[in-house]
Structure formats: C-alpha cells, structure tokens
Amino acid sequence: MIILTGEFAMPQSIALNINGSSQTVDVEPHSMLLYALRDNLGLHGPKFGCGLAECGACTVVLDGNAIRSCMTPVSAVGNSKIVTLEGLGTIENPHRLQKAFIEEQAAQCGYCINGMIMAASALLDQKPHPSRDDIKQALDGNLCRCGTHMRIVRAIERAAGQGA
Amino acid sequence: MSKYQTNISDVARVGRRGLLQASGGLVIAFSLFGANSATAASAASDTASTSVTPPPAGRLYAWLAVHPDNTVTLFTGKVETGTGVQTALAQFAAEELDFPIERLNVVMGTTSETVDQGPSYGSRTVRYAGPQIRHAAAAGRQALLDLAAAHFGVSANQLATNGGTISVIGAPDQTITYGKLVDGKRLNMEIGASGERFNMVVAPAVQTKDPSTYTVVGKSVPRKDIPGKMTGQFTYVQDVRVPGMLHGRVVRPYGVGSTLLSVDETGLKDIPGFVQVVRRDNFLGVVAETEWGAIQAAAKLGSTLNPSGPDAAPAKWSNWDGLPPMDQIWETVRHTAAGKNAAAANRGSVDMALGYASRTLKATYKTPFQMHGSIGPSCAIADVQGDRATFWSCTQMPHQTLRDMSKMLGMPLEKMELRWFEGAGAYGRNGFDHVVADAAVMSQAVGRPVRVQWMRWDEHGWEPKGPPIVQDLLGALDSNGQVIAWRHHMWIPTTSDTHLIAAALIGEPDVTGQTGLGQPAVVYKYNFPNADVACHGEGRVALLTAWLRSPAQFETTFAMESFIDELAAAAGQDPLAFRLAHVSDPRGIDVLRAAAQEYRWESRPATGKRPQANSKPAHGRGVAWVNRDDARVATIADVTVDPASGEIKVGRVVVAHDCGLVVNPDGLRNQVEGNVIQSLSRTLREEVTFDRAHVTSRDWQGYPILRFSEIPDRIDVVLVNNTPKYPSYGAGEPSTNPTAAAIGNAVFDAIGVRLRQTPFRPDRVKSAMS
C-alpha cells in the first residue's frame with residue numbers, strides 16, 4: 001500500500017496525447033495519470049477506485065493496452081497514445097461496446113463500467129472474436145460490486161459479434 | 001369535495017388569465033417558475049439568492065414541473081443507488097401523467113428541490129415512494145385537464161390526454177401540449193399531503209389508473225442513467241467540482257480508539273499545493289490545492305498506517321488495542337450482556353416437545369464482519385461559510401444527512417442545502433454520510449469548499465460494517481420425520497448505528513445519531529408445532545456497524561435454511577418436499593414450486609456422501625427461500641466441489657422471485673442477478689479481518705470479492721405473482737438472502753460436509769472434510 005514517493009517536485013508542463021489530440025497539463029511528473037485526466041483535463045470516464053491498481057475503475061488504453069491510470073506516473077506516459085471512455089464514443093455516436101452495454105443494460109451503479117469497457121476495448125482490438133473464457137480472463141482484474149458480471153460478459157459478446 | 005378539487009375548480013372557473021393576475025391569496029394556481037425549477041439543479045449555482053428549504057409536499061410543483069419544450073421534470077426525495085429506481089419512479093409518473101417517459105427527467109434528493117420521502121433503503125423506494133409519486137402525477141394530469149378545460153372552454157370530461165397532449169374529444173384540431181398549456185409557470189396547485197416520509201400520503205383524493213390499463217408500469221423501459229454512464233457523460237458526485245474548491249484527505253486514528261498525541265508537520269510545506277493540516281481533537285485531515293497534494297500529505301502523516309506502530313509516523317497516536325481477538329469475535333458477541341431479548345416466534349413448548357423426539361440436532365452458525373465495499377470510495381464536498389452551508393453528496397438519505405449536519409455544525413437547517421449526485425453503489429449505510437461530516441469539518445476550518453474523497457484504506461478500514469452474528473439452532477424430529485420442535489437463538493449486534501465518525505473524532509460523539517440494537521432479522525414462516533425463535537439484540541460490538549444489504553437477514557436466512565436442510569437430511573427426505581411439508585405460506589409455496597419447476601428438480605434426499613480427498617470433483621444442488629418484507633424468493637443452486645482444493649464452483653442458479661406487481665421486469669432481473677452475485681461473493685469470499693487495534697483488510701487483496709472467473713455459468717430468474725393483485729413490494733435486496741444456505745446445502749449434497757461458517761473458503765471446506 002505504499003503510495004508515498006518521498007520526493008516532491010514542482011509541477012511541470014507535460015504534453016499528453018489524449019483521445020487523438022495533444023493536451024498539456026501542469027502536474028508533478030511523478031503524480032498519477034488518473035488525476036491529470038480527471039482534475040486537469042476534466043474527464044469523467046476514468047474513476048478513482050483504489051489507487052492501488054487492484055480494481056480497474058481507472059482503466060485507460062495506452063498504445064492499445066489496458067492500463068491502470070491510478071498507478072501510472074504522468075512522467076512514464078511520454079508520447080504514448082491514451083484513449084479514455086470519452087474517446088470511444090458519445091451518447092449520440094457510441095462505440096459498438098458502449099452501444100452493446102446500453103442494449104444489454106449492463107450496468108447498475110455503473111462506476112466500474114469505465115474499466116470494463118476499456119479492458120474490453122483492448123481485448124477486442126487484440127482478439128476480435130474472443131471466447132467467453134477469454135472475456136472473463138481479460139476482465140478478471142476488474143471488480144464490479146453490484147454483480148453485473150453476467151450482463152457485462154453478454155455485452156462484450158454482443159459487441160464482438162457486431163465487429164469483424 | 002376536497003381542497004384539491006376545489007382548487008382545480010377554481011382554475012376552471014377563473015381561467016388562466018385571471019389566475020395569472022391573482023396574487024396574495026392562499027392558493028394561486030400559477031406563479032412564476034421559481035427556485036424549484038429543474039434548471040436550479042446545476043452543481044455550482046449560487047444559493048444565496050434562492051430559498052434552500054424543501055418545497056411543500058402539498059403543492060404540485062413539489063413533484064412536477066412542465067417545461068415550455070414539453071418536457072417534464074419529476075422531483076423526488078428518493079435517490080438512485082444503482083438499483084434503477086430513478087427509472088422505476090419515472091415509470092410511475094409517466095404512467096399517471098400520460099406523458100412520454102423519454103421526455104420525463106428526474107431530479108433526485110437535492111434538499112432544496114425535493115420532498116423528504118424517507119431514505120432510499122430497505123427495498124422501500126418503489127413500495128413507498130411509488131404510490132406517492134403515482135398520486136402526485138395523477139393529480140398533475142387532473143390539474144392539466146382542468147387548465148385545458150379553461151383554455152378550450154369545455155368541461156374536463158370532454159378532454160383526453162395522450163402522450164403529453166390534451167385534445168378535445170371529437171375535435172382533433174383542438175389539441176395543446178402540456179408545455180404550451182403550462183407556459184413556463186410553476187404548478188402551484190394544492191394537491192394535499194399528510195404524514196411524513198415513508199408514511200406520507202400525497203393527493204389522497206385523486207383517482208389513479210386501474211393497474212390493468214398500465215402501459216408504462218410493467219414494461220422493461222431502458223434505464224435513463226445508463227447511456228451517460230457508458231460514455232463518461234454522467235456526473236457522479238466524484239466528478240463534481242466547485243469554484244474555489246480544495247482537496248481534502250482524512251488521516252484516521254491508528255487504533256479504532258486511539259487518541260491523537262502530536263502531529264509533526266515537518267516537510268508538509270514541500271508538497272506542491274499543500275495548504276494546511278486540519279486538526280480538531282482526534283480529527284486529523286489535510287487540505288491541498290490539488291488532489292495529489294492532499295494524497296501525499298495524508299500519506300506522509302501516516303494515513304496508510306505504519307506497520308511499525310502508532311507512533312512511527314509524523315502523526316502520533318496513542319497505543320490502543322481494545323478490539324477482541326478476531327478468532328474470539330463470536331464469543332464476544334455471545335457474551336455481550338448489554339442488549340435486549342426479542343422473540344420472533346413463540347409457539348407451544350420446545351422443551352416439552354423434546355421429550356417426544358426420536359432425533360434431536362444442534363448446530364451453531366457463525367458469520368463474520370462484512371463490508372459494503374463500494375467500488376467508488378466515499379466522496380463529498382462541503383462549503384461551510386459562516387451561517388450557511390452547502391453540501392454535494394451521494395448519501396442515500398439526503399434530508400436526514402442535512403439534519404445531521406445541522407446538529408453537528410449547530411447551524412439552522414433553513415440555511416443549509418444538500419445537492420445530491422449519484423455515487424458508486426453503496427448497498428447500505430457505508431461511508432457516504434460520514435464523508436459529508438469529514439468535508440464539513442475541513443471546510444469549516446479552512447473557510448473554502450473542500451472536496452474529500454476517502455482513499456481505499458479509509459473506506460475498507462472505516463466504513464460501517466455488517467456485524468458478526470452467532471446463532472444456535474436446535475431441532476427435533478419425531479419417528480415420522482416430522483419436525484416437532486425448533487429453536488433458533490441469535491446474537492446480533494446493531495445494524496443501525498448512525499453515529500458519525502467525524503463527530504466522535506471532534507469530541508462530540510452524541511451530537512447526532514443513535515446506536516440502535518440488533519433486531520431479530522428473520523421472518524419465521526414455518527408451521528412447526530413448537531417453536532422458539534429469539535434474538536439477543538446488542539449495541540455496537542468491536543467495530544461501527546450499520547445496515548448492509550438485507551441487514552442481518554442474509555445471516556439469519558443462512559442459519560435457518562441450512563438447519564432445515566440438516567433436519568431434512570436427518571429425516572432422509574428430499575429437502576424441497578421437506579420444506580413444502582412444513583410451510584403454509586401460499587406465496588412461499590409459490591416461489592419454491594416455481595424455482596423447482598424451472599430447475600427441473602427431481603425428488604431425492606441429499607446425497608451427502610463424503611468423497612476421498614483425491615477423488616474427482618463432486619456435484620450437488622441446494623435450495624433455500626426467504627420472506628423478506630413481503631417479497632418471497634426461492635433460490636436453487638448447482639455447485640461443483642473439488643475435494644482436492646476445497647474450491648466451490650457455482651454452476652447454475654435459479655431464482656424464483658415474487659415482489660408482487662413488477663414495475664420494470666428487466667430492471668428487476670438486473671437487480672436479482674446482482675443480488676445473487678454479490679451474495680455469492682459474501683458466501684464464498686468475504687470476511688473483514690482485524691487485529692487488536694484496527695481493521696487489517698484495507699484493500700481488495702485483504703478483502704477479496706468475486707471475480708469474473710468465479711461467477712456462475714447461468715442465472716435464471718422466474719418472476720412469480722407479477723400481477724396487479726399485489727402491490728409492488730421492494731426488490732433491492734430480498735434475493736440476497738437465500739444464497740448462502742442454497743450454496744451450503746448444495747455443498748452438503750455434493751460432499752456430505754455441512755458448512756456452518758461463512759465465507760466458504762477452500763481451506764474451510766478442506767478442514768471440514770478432514
């Protein structure tokens with residue numbers, strides 16, 4: 001549970017590639033990406049859940065891989081391309097995963113769903129037609145407390161069926 | 001003629017223009033669209049110029065606003081906690097108002113805009129708030145008809161409502177939308193209201209629809225909140241930002257009862273954005289311009305608990321080790337003398353009946369502290385300024401929380417407002433109210449709005465828990481295998497302790513809140529001739545405890561429905577037939593039969609054969625049911641138990657669910673699936689650990705919950721007695737209850753081992769086998 005870095009550097013201007021555009025944030029280099037996304041850039045998709053990379057609520061996709069933004073220092077991001085839930089789609093123009101989650105009504109409180117969709121997005125990019133076990137394995141590090149798992153799996157299967 | 005009808009006839013007689021000009025009278029049907037408009041619901045508007053007291057429940061505008069673009073806002077003091085009640089309540093309103101649900105928005109919880117309809121807990125929202133909103137909306141439709149009657153110069157019975165418009169019957173060119181009719185004004189009609197909260201009666205005189213004509217209630221309307229939640233466009237309380245806001249973090253005591261000895265602030269100023277330490281008696285917090293700065297400062301002071309002890313971090317706490325040893329918690333509960341005995345059932349004489357028993361069984365069931373485990377830690381913003389205060393909170397009881405803050409801050413309620421935003425699912429009283437108090441203390445100290453979010457270790461460590469419970473059971477069979485005596489004694493610490501953590505830390509523990517007593521959380525529905533079901537209800541034992549989904553009834557159902565199975569096995573009978581032979585509750589029988597039919601239950605006694613440790617995985621099935629606040633649920637589960645590892649894998653789960661008339665079938669199925677998975681998690685995995693000083697399960701590794709790889713293969717939900725013959729009972733938690741017993745009974749069927757202590761971890765299964 002160690003989060004104390006012990007060193008305190010002054011904020012710097014750091015350029016990040018977020019959802020296809022370059023954004024500059026003034027943050028301490030070793031502060032975590034999650035807070036830059038939420039507090040500096042005003043994004044609501046990635047959530048604070050644990051700060052320990054244990055629950056997945058903060059998941060974003062970095063260069064095609066689902067990562068935990070709560071334990072990723074801003075200084076480690078460099079030129080990598082970051083996609084957040086907002087970068088996938090909107091209510092008016094949803095990504096096929098977002099559309100499938102809505103169609104399956106695959107949420108209760110919905111707080112974890114950012115992580116579910118982002119993890120699924122990385123999975124489908126790497127494996128367009130995953131088996132049910134593939135899906136469960138890809139999401140096994142993402143916690144849902146409301147117990148929406150059955151619908152989440154169905155939604156990802158639905159989105160995968162509509163892909164290809 | 002009621003007051004309500006009189007007012008409406010005033011409208012019809014005087015007409016719209018006359019009413020607009022009227023002023024100063026007791027009843028003015030219209031006034032300018034005022035403080036209680038939907039547009040006032042924005043996060044950061046200035047409250048100084050507008051009233052912050054709740055609207056009067058007897059006025060229509062307290063419930064409904066009709067806007068010029070022909071949209072409608074429903075106002076309710078109830079809140080969404082992830083269960084879908086926002087959409088369900090919208091369905092009640094849309095149904096009675098004859099208005100398209102897509103154009104009906106819901107404002108929830110904000111104290112200046114809503115009536116206190118009681119907290120959103122106990123599966124009570126649809127059951128109690130549903131009828132209140134049904135009546136308010138029916139009164140709204142009647143008021144609109146009367147306005148249209150004046151507008152068209154016809155009588156109201158010559159008019160018809162349809163999808164947000166009103167037409168003169170037989171003259172389709174004479175049609176007006178609700179929005180045009182109301183023309184942006186506030187619906188100030190008196191509709192009548194009496195009583196408070198759950199018991200409030202709204203618009204009692206109005207005629208509501210015949211349920212058999214419903215077109216919106218009973219339909220699987222898609223949830224209103226889901227599209228925004230799927231796209232990052234939804235604003236949770238964690239997303240709210242207020243101008244001038246600072247970030248706060250708490251530093252909790254090292255031991256639950258530790259006192260703060262000293263705080264060494266050396267080095268805190270080096271943290272970018274750090275503002276100040278907030279110290280008040282044993283309350284310790286930090287405030288910073290940035291979230292990261294606050295996190296760093298709290299960690300530096302020792303918020304993550306230094307393993308070297310209470311005086312190892314810059315914030316030094318007294319050495320406190322007042323918690324009982326964890327392995328003795330049930331003895332502690334059993335021997336807590338303070339409390340009160342309450343009987344849940346008392347029939348015949350168990351002691352006399354034992355003299356006629358051919359077989360007597362005894363067993364003790366134990367369940368641990370468990371936690372709500374919200375995925376989103378508690379978060380709130382407080383802005384305490386002199387003699388007024390504003391809060392942004394996801395509490396499940398906005399109006400009550402504001403009253404608590406009024407007491408804690410010694411501030412008049414009329415100067416305070418709580419703006420409600422949804423949080424992550426809470427499943428009961430977790431830290432969501434406590435963090436409001438934390439933010440209040442910090443904002444009061446720094447004179448600026450402060451947003452406090454608990455860190456994961458704060459949440460796991462300090463959220464109120466569900467209490468540990470110990471239960472003794474005794475049952476006697478006669479020579480025919482009939483139960484002739486049943487005794488169920490339970491020791492239950494409080495599930496309703498509402499004292500605030502921050503209030504205790506600032507040295508005012510009793511400024512608000514009550515400890516409460518554990519209640520006999522069981523609805524005894526068996527018809528045994530001799531029965532003695534009683535509870536020793538206790539106050540706080542070891543840790544702060546409050547309601548956690550189906551408070552204590554999850555645990556009592558585990559014991560009751562497992563022990564019934566023990567008796568059935570002892571009698572050599574099929575466990576379903578054995579229950580049916582001892583139940584006369586018709587709806588209980590309905591759900592048991594419906595579950596059995598869906599599952600294709602074949603009658604046979606439990607196998608109960610103990611395998612060798614190295615033998616192949618064994619299959620079993622188990623059944624259990626519950627009566628929870630007038631809902632009935634029967635659950636049947638299939639398990640596979642691996643004797644080598646002790647691992648339990650859940651295959652198919654069948655749930656027969658009777659909560660009366662279903663408002664939203666898909667929403668209900670979503671709830672039932674969630675209850676099943678969450679209660680499986682509590683059955684198989686969850687136990688709060690602690691040492692003598694504090695909770696030690698302070699993250700998800702220390703408190704594992706069910707993962708995707710562990711979910712059942714299938715959950716089949718059968719809706720029973722979904723008919724207007726019955727009102728809509730609550731469904732937020734009943735289906736949590738039977739799970740632990742259904743799984744335990746299935747494990748017995750599979751491997752002949754009776755599990756009497758949750759969670760059923762593999763090590764417990766293995767040690768039970770040996």
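Just so it is clear: chains get the letters A, B, ... in the order the sequence lines come, proteins before strands, and each one is counted from 1. Note that the coordinates shown come from a computational prediction; the quantities given were computed from them, not determined experimentally.
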Engineer: Count the heavy-atom pairs under 4.5 Å between each of Cys55(A), Gly110(A), Gly42(A) and chain B, then report the option with the highest count.
Structural biologist: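 That would be Gly110(A).
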Engineer: Which atom pair, heavy atoms only, marks the closest approach of Pro272(B) to Ala9(A)?
Structural biologist: CG-O, 3.2 Å
Engineer: Considering non-hydrogen atoms only, spot the tightest contact between His149(A) and Leu706(B) and give its length.
Structural biologist: NE2-O, 3.8 Å
Engineer: Could you measure the distance from the CD1 atom of Ile226(B) to the CZ atom of Phe101(A)? Nearest 0.5 Å is fine.
Structural biologist: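 The CD1 atom of Ile226(B) sits 11.0 Å away from the CZ atom of Phe101(A).
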Engineer: Looking at Thr148(A), Thr90(A), Ile117(A), which makes the most heavy-atom pairs under 4.5 Å with chain B?
Structural biologist: Thr90(A)
Engineer: Which bit of Leu34(A) comes within less than 4.5 Å of chain B, counting heavy atoms only: side chain, backbone, both or neither?
Structural biologist: neither
Engineer: Which atoms of Ala107(A) come close to chain B, meaning under 4.5 Å heavy atom to heavy atom: side chain ones, backbone ones, both, or neither?
Structural biologist: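 Both backbone and side chain.
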Engineer: Can you tell which part of Ile91(A) gets under 4.5 Å to a heavy atom of chain B, answering side chain, backbone, both or neither?
Structural biologist: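 Both parts, backbone and side chain.
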Engineer: For the pair Asp39(A) and Arg451(B), find out whether any cationic side-chain nitrogen is under 4.0 Å from an anionic carboxylate oxygen.
Structural biologist: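 No salt bridge links Asp39(A) with Arg451(B).
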Engineer: Rounded to the nearest 0.5 Å, what separation is found between the SG atom of Cys50(A) and the CG atom of Asp699(B)?
Structural biologist: 8.0 Å
Engineer: Sort Ile113(A) into side chain, backbone, both or neither according to what part of it lies under 4.5 angstrom from a heavy atom of chain B.
Structural biologist: side chain
Engineer: Between Ser679(B) and chain A, which part of the residue has a heavy atom less than 4.5 Å away: side chain, backbone, both or neither?
Structural biologist: neither
Engineer: Which distance, rounded to the nearest 0.5 Å, do you find between the CG of Leu52(A) and the CH2 of Trp700(B)?
Structural biologist: 11.0 Å
Engineer: With sequence neighbours excluded, give me every salt bridge (charged side-chain N to carboxylate O under 4.0 Å, His left out) pair touching residues 220-236 of chain B.
Structural biologist: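 Applying salt bridge (charged side-chain N to carboxylate O under 4.0 Å, His left out) to every pair that reaches into residues 220-236 of chain B, excluding sequence neighbours, yields Arg223(B)-Asp225(B), Asp225(B)-Lys229(B), Lys229(B)-Glu422(B).
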Engineer: If you take all heavy atoms of Gly423(B) and Cys109(A), which pair is closest and at what distance?
Structural biologist: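 Closest pair (atom of Gly423(B), atom of Cys109(A), distance): O-CB, 4.4 Å.
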Engineer: Going by the side chain to side chain contact (heavy atoms under 4.5 Å, CB included) test, name the single residue among Asp239(B), Val240(B), Thr231(B) that passes it with His44(A).
Structural biologist: Asp239(B)
Engineer: Could you give the distance from OH (Tyr427(B)) to SG (Cys146(A)), rounded to the nearest 0.5 Å?
Structural biologist: 3.0 Å
Engineer: Using a strict threshold of under 4.0 Å (side-chain N to carboxylate O), is an ion pair present between Arg145(A) and Glu686(B)?
Structural biologist: yes
Engineer: Could you report the tightest heavy-atom contact between Phe708(B) and Leu139(A), atom names first, then the distance?
Structural biologist: CD1-O, 3.2 Å
Engineer: Are Gln108(A) and Asn670(B) linked by a side-chain donor-acceptor pair shorter than 3.5 Å?
Structural biologist: yes
Engineer: Between the side chain of Arg456(B) and the main-chain N/O of Gly49(A), is any donor-acceptor distance below 3.5 Å?
Structural biologist: yes
Engineer: Please look at Asp140(A) and chain B and tell me whether the side chain, the backbone, both or neither of the residue comes under 4.5 angstrom of a heavy atom of that chain.
Structural biologist: both
Engineer: Please round to the nearest 0.5 Å and tell me the distance separating atom CZ of Phe48(A) and atom CD of Gln453(B).
Structural biologist: 5.5 Å
Engineer: Tell me, side chain or backbone of Phe234(B) under 4.5 Å from chain A's heavy atoms, or both, or neither?
Structural biologist: backbone
Engineer: Do the ring planes of Tyr111(A) and Tyr236(B) sit parallel (below 30°), tilted (30 to 60°) or perpendicular (above 60°)?
Structural biologist: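 Plane angle over 60°, so perpendicular.
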Engineer: What heavy-atom pair brings Met150(A) and Asp713(B) nearest, and what distance separates the two atoms?
Structural biologist: CE-O, 3.7 Å
Engineer: Please find the pair of heavy atoms, one from Lys136(A) and one from Pro712(B), that lie closest to each other, and give the distance.
Structural biologist: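 For Lys136(A) versus Pro712(B), the nearest heavy atoms are NZ-O, 4.5 Å.
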Engineer: Does the Gln98(A) side chain pair with the main chain of Met230(B), one donor and one acceptor, at a distance under 3.5 Å?
Structural biologist: yes
Engineer: If I measure from the heavy atoms of chain B, does Glu86(A) come under 4.5 Å with its side chain, its backbone, both, or neither?
Structural biologist: both
